[in-house]
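Predicted, not measured: the structure shown is a model, and the values here were computed from it.
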Amino acid sequence: MQTNGYSLALLTGEQQNARRILGQLVQCLHNGAWTAHDGIDLDWFVAAFNKLLTIDRYCHERKIERHVIPAIRHAGTDADELLDRLDTLSVEALRILRYAYNQIRRAVDGGDVDPEMLVAAMELYCLRMLERLALEEDELFPAARRILSRDEWFRLAARCLSESARQRAAGRQGHAAGPGDRRQRRQFHVH
């Protein structure tokens, strides 16, 4: 059960981090800093959208998405309805992200954009992701505890440890190489 506890503690830590990041972005969206004396502050919108992309990437790289959900799917259990609800929230969030991307592109190209609608869409993305996190905590974690065997939890913990070690090693190599090209921050893509 120690690996089960380790895995759940790791998953809980990722959940808390995702909630904190999403909460900070929602606060940023509420502060109204997107206005400028001559209209909207396009740089602010681009930066906020890039934060959305970073959050989206982080959420999809969490251990729960990379390891736990596939393990539950593989177990072929009665959790299909729950997994479908999680998928639906992810699809809705992606649609919102694409809408925001299209609006940002339009603004960058000099087109008209309703800034309040764009802020509302970005906030809605955050709310959908927070809803997904709550569903994971309230229903998926208990289902995972019930469905996955001790051996499966052990394999999950081993994969998580191995992955964390690779990420730390890559992080150390990245720091040694120096910071990346800052111009890349202006570029954004939605998959």
Side-chain angles (χ1 to χ4, degrees), residues 10-66 68-69 81-141 167 170-171 174-175 177-191:
L10 180 67
L11 298 174
T12 300
E14 284 186 330
Q15 296 292 101
Q16 291 170 347
N17 194 35
R19 280 185 180 285
R20 182 185 53 76
I21 295 168
L22 286 164
Q24 288 172 346
L25 184 56
V26 168
Q27 277 190 316
C28 179
L29 293 171
H30 282 287
N31 77 12
W34 53 267
T35 58
H37 69 283
D38 59 346
I40 67 169
D41 183 347
L42 189 54
D43 287 338
W44 183 90
F45 274 107
V46 169
F49 183 76
N50 282 330
K51 286 178 187 176
L52 274 183
L53 288 179
T54 300
I55 291 167
D56 188 67
R57 193 173 310 114
Y58 176 80
C59 286
H60 293 297
E61 290 175 356
R62 292 174 303 135
K63 309 288 189 268
I64 194 165
E65 283 213 26
R66 294 173 49 83
V68 176
I69 290 174
E81 182 183 326
L82 171 59
L83 296 174
D84 288 344
R85 289 177 19 220
L86 290 169
D87 288 343
T88 297
L89 288 169
S90 290
V91 168
E92 287 176 19
L94 181 59
R95 282 190 196 130
I96 295 164
L97 202 58
R98 284 186 178 145
Y99 169 81
Y101 171 78
N102 290 332
Q103 294 302 301
I104 296 283
R105 290 295 328 154
R106 180 181 295 160
V108 166
D109 293 340
D112 288 335
V113 173
D114 181 348
E116 291 177 6
M117 183 69 117
L118 182 52
V119 168
M122 294 167 91
E123 184 177 356
L124 184 58
Y125 168 85
C126 294
L127 295 175
R128 285 295 173 266
M129 293 307 291
L130 287 167
E131 188 177 342
R132 181 185 165 108
L133 292 172
L135 187 57
E136 289 171 355
E137 292 163 8
D138 296 344
E139 296 185 37
L140 187 66
F141 283 7
Q167 289 170 344
H175 289 296
D181 185 358
R182 295 197 185 275
R183 288 175 289 159
Q184 289 181 344
R185 288 185 183 182
R186 185 97 166 134
Q187 299 172 348
F188 42 85
H189 306 280
V190 176
H191 22 163

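Residues Ile104 and Leu118 form a side-chain contact, since some pair of their non-hydrogen atoms from C-beta on lies under 4.5 Å apart. At least one side-chain heavy atom of Cys28 sits less than 4.5 Å from a side-chain heavy atom of Trp44. Looking only at side-chain heavy atoms (C-beta outward), Met117 and Gln103 stay at 4.5 Å or farther from each other. Annotation: side chain of Ile55 is in contact with side chain of Leu22 (closest heavy-atom distance under 4.5 Å). Residues Ile64 and Glu136 are in side-chain contact: their nearest non-hydrogen atoms beyond the backbone lie under 4.5 Å apart.
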Might you work through the side chain to side chain contact (heavy atoms under 4.5 Å, CB included) test for Phe45 and Val113, ending with a clear yes or no? CA-CA 11 Å; Phe45 274 107; Val113 173; over 6 Å; no
Step-by-step side-chain hydrogen bond (donor to acceptor under 3.5 Å, both in side chains) determination, Asn17 to Arg20: CA-CA 5 Å; Asn17 194 35; Arg20 182 185 53 76; 2.3 Å; yes
Under the side chain to side chain contact (heavy atoms under 4.5 Å, CB included) criterion, do Tyr125 and Asp56 qualify, and how do the steps go? CA-CA 9 Å; Tyr125 168 85; Asp56 188 67; 2.9 Å; yes
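In terms of modelled atom types and a separation under 3.5 Å, the side chain of Asn102 and the main chain of Arg98 share a donor-acceptor contact. Remark: the backbone N or O of Gly111 is not paired with any side-chain donor or acceptor of Asp109 at under 3.5 angstrom.
A distance of 4.0 Å separates CD in Glu139 from CZ in Arg85, rounded to the nearest 0.5 Å. With rounding to the nearest 0.5 angstrom, the CZ atom of Arg19 is 12.5 Å from the SG atom of Cys126. To the nearest 0.5 Å, atoms CE (Met129) and CG (Leu89) are separated by 8.5 Å. Separating the CD atom in Glu92 from the CG atom in Leu97 is a distance of 13.5 Å, to the nearest 0.5 Å. Here OG of Ser90 is found 3.5 Å from CZ of Arg132. Values are rounded to the nearest 0.5 Å. The distance from atom CZ of Arg105 to atom CZ of Phe49, rounded to the nearest 0.5 Å, is 10.0 Å.
Heavy atoms only, all atoms of each residue included: Ala18 and Leu133 are closest at CB-CD1, 3.8 Å. Here the shortest heavy-atom pairing between Phe141 and Gln15 reads CZ-CG, 3.7 Å. Pairing each heavy atom of Val108 with each of Leu42, the nearest pair is CA-CD2, 3.8 Å.
Taking Arg95 as the reference, nothing meets the side chain to side chain donor-acceptor pair (under 3.5 Å) condition, with sequence neighbours excluded. For Glu123, the side chain to side chain contact (heavy atoms under 4.5 Å, CB included) partners two or more places apart in sequence, or in a different chain, are Val26, Leu29, His30, Leu127. Applying the side chain to side chain contact (heavy atoms under 4.5 Å, CB included) test to Leu124 and every residue at least two apart in sequence or in another chain returns Ile96, Arg128.
In Asp138, the CG atom is crowded: over 12 heavy atoms of neighbouring residues, nucleotides or ligands sit closer than 6.0 Å.
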